[in-house]
Q: 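Below is a structure I'd like to ask you about.
In this text, all values refer to a predicted model and were calculated from it rather than measured experimentally.
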Amino acid sequence: MPDQSLPKARTPEVTPGEREAASAHEGISRRRLLGTAGATGLVLGTAGAAVGYAAAPSEAAAPLTSLGTDRAMFHGKHQPGITDGLQARGHVVAFDLAAGAGRKEAAALLRRWSETARRLMAGEPSAHDDTDVARDAGPSSLTITFGFGHSFFARTGLEEQRPTALDPLPEFSSDHLDKNRSNGDLWVQIGANDALVAFHALRAIQKDAGRAAKVRWQMNGFNRSPGATSHPMTARNLMGQIDGTRNPKPSEADFDQRIFVPEKGEPAWMANGSYAVVRRIRMLLDDWEKLSGKAQEDVIGRRKSDGAALSGGDETTAMDLEKTDAKGNLVVPINAHARITRPDQNGGAAMLRRPFSFHDGIDNDGVPDAGLLFICWQADPLRGFVPVQRKLDRGDALSQFIRHESSGLFAVPGGAAEGEYVGQKLLEG
């Protein structure tokens, strides 16, 4: 029983103004608490101590969640943005060198771009005229990747250094390509887990181009944000399908052989580099969504719920291409997308798919302009993308629900060492 011999403490009178102030203070504290609670269960990046821009002196800085502290490194054997995990926001942009600009101007531009990429990926402001768009954010897994198109080499007098792997892609029956949104002298891929950080980088790269180059085309994409699912999982595309199940993994013995140009490869300046195929693939979602769930699964060859092959098991279970149902029909249809794209059905051809989804509004017919910014990486597109796409062209069940609207192929050199800029071996070799 409570000790009733003790006098009760007297509750002080609280004025309405004091109650309002206390309520506001409690609300602010709760918002701050909730702002960092989303980090629970997420893994911090290897550079978790990286910081962004300084907080305003009038307000104590709250710790960044892991989403903001995650940092990719600019310098390294390979350029960033190839083997890094999918980011929540992406921009891809192609530039053409300005009239009269050549090798000298291109070298100066790549030097500026590389320094800007290094700074922004570390969570620092641009060296000149920073826009302050991301001043209170951390690095947010920002990556910036640079590549050269087929036309770049003639513009800079470097035709003899142009790789044969950069020869134009063949035409495919699913192509409805807009030439104004295809190819380009220079290509930049930007990815981040924060939309403002990604936009900030895009704006900085555009400003750095100055009079040396002008934008040819630019596209925006997105993926699911890290931590949005209760457990890590393969990404979904706008058709609702698990996308990327059979991607090559860095842990595999032949990963580097398939994805990167060898150190003693040709040409020498492409050592440790890769080739990016970029395709804007519009999904005809109104037609797709008229299909039943079973019909959609038959088109893909995998269950929509978990990405497992229709032949059984879970997402990583090997597909049984010979399994039949009670009527003797193949469980995985002969024209299923997942069957046709298998490396063992294409002479071992493999590519690392690292796409973004896109949605650019609703057209005049009320149809969504949406789909996939398909980006794939390989040591040689003639052994990666081309044979797979040719086979898809001949009978993929998915082809009637998609349309390839733009295309580009870019040589992406290896990473820059400390004190170097991307492409330096080409432009100064």
Q: Can you list the residues that meet the ring pair (Phe, Tyr, Trp, His ring centres under 6.0 Å) rule with His78, with sequence neighbours excluded?
A: Phe260

Q: Please list all pairs meeting side chain to side chain donor-acceptor pair (under 3.5 Å) that have one or both residues in residues 318-338, counting only residues at least two apart or in different chains.
A: His337-Asp396

Q: Can you list the residues that meet the ring pair (Phe, Tyr, Trp, His ring centres under 6.0 Å) rule with Phe401, with sequence neighbours excluded?
A: Trp288

Q: Does anything in residues 347-358 pair up under side chain to side chain donor-acceptor pair (under 3.5 Å), and if so which pairs, sequence neighbours excluded?
A: Gln87-Arg354

Q: Show me the pairs that pass side chain to side chain donor-acceptor pair (under 3.5 Å) and involve residues 276-285, at least two apart or across chains.
A: Asp175-Arg279, Arg279-His404, Arg279-Ser407, Arg280-Asp360, Arg280-Asp369, Arg280-Glu405, Arg282-Asp363

Q: Please say which of Ile190, Leu120, Val133, Leu142 ends up in a side chain to side chain contact (heavy atoms under 4.5 Å, CB included) with Val197.
A: Leu142

Q: Are the side chain of Arg162 and the backbone of Phe152 linked by a donor-acceptor contact shorter than 3.5 Å?
A: no

Q: Applying side-chain contact (heavy atoms from CB on, under 4.5 Å), name anything that partners Arg303, two or more places apart in sequence or on another chain.
A: Glu297, Ser305, Asp306, Ala308, Leu310

Q: Against His200, only a single residue in Asp194, Asp132, Asp130 fulfils side chain to side chain donor-acceptor pair (under 3.5 Å); can you say which?
A: Asp130

Q: Write out all pairs satisfying ring pair (Phe, Tyr, Trp, His ring centres under 6.0 Å) with one or both partners inside residues 406-429, taking only residues at least two apart or from two chains.
A: Trp187-Phe410

Q: Report the C-alpha distance between Lys294 and Asp298 in whole Å, list the side-chain angles of each, state the deciding distance to 0.1 Å, and finish with yes or no for salt bridge (Lys or Arg N to Asp or Glu O under 4.0 Å).
A: CA-CA 6 Å; Lys294 174 64 168 61; Asp298 284 343; 2.8 Å; yes

Q: Phe95 and ring-ring contact (aromatic ring centres under 6.0 Å, His included): which partner among Trp113, Trp217, Phe146?
A: Trp113

Q: Run the salt-bridge test on Asp185 and Arg155 with the 4.0 Å N-O cut-off and return the result as yes or no.
A: yes

Q: How would you list, by chain and number, every residue that makes a ring pair (Phe, Tyr, Trp, His ring centres under 6.0 Å) with Tyr275, sequence neighbours excluded?
A: none

Q: So, do Phe385 and Leu409 sit near enough that their side-chain heavy atoms are less than 4.5 Å apart?
A: no

Q: My understanding is that only residues two or more places apart in sequence, or in another chain, count here; which of them pass side-chain contact (heavy atoms from CB on, under 4.5 Å) with Gln218?
A: His91, Val93, Leu202, Val215, Asn220

Q: Hey, does Val277 have a side-chain heavy atom less than 4.5 Å from the side chain of Val386?
A: no

Q: Report yes if the side chains of Ile144 and Thr116 come closer than 4.5 Å at any heavy-atom pair, otherwise no.
A: no

Q: Partners of Phe153 by ring pair (Phe, Tyr, Trp, His ring centres under 6.0 Å), sequence neighbours excluded?
A: Trp269

Q: Going by the rule side-chain contact (heavy atoms from CB on, under 4.5 Å), which residues pair with Gln345 if we only count those two or more places apart in sequence or in a different chain?
A: Leu321, Arg342, Lys391

Q: Quick one: does Leu86's side chain get under 4.5 Å of Pro226's, heavy atoms only?
A: no

Q: By the ring pair (Phe, Tyr, Trp, His ring centres under 6.0 Å) test, which pairs, at least two apart or in different chains, include something from residues 230-250?
A: none

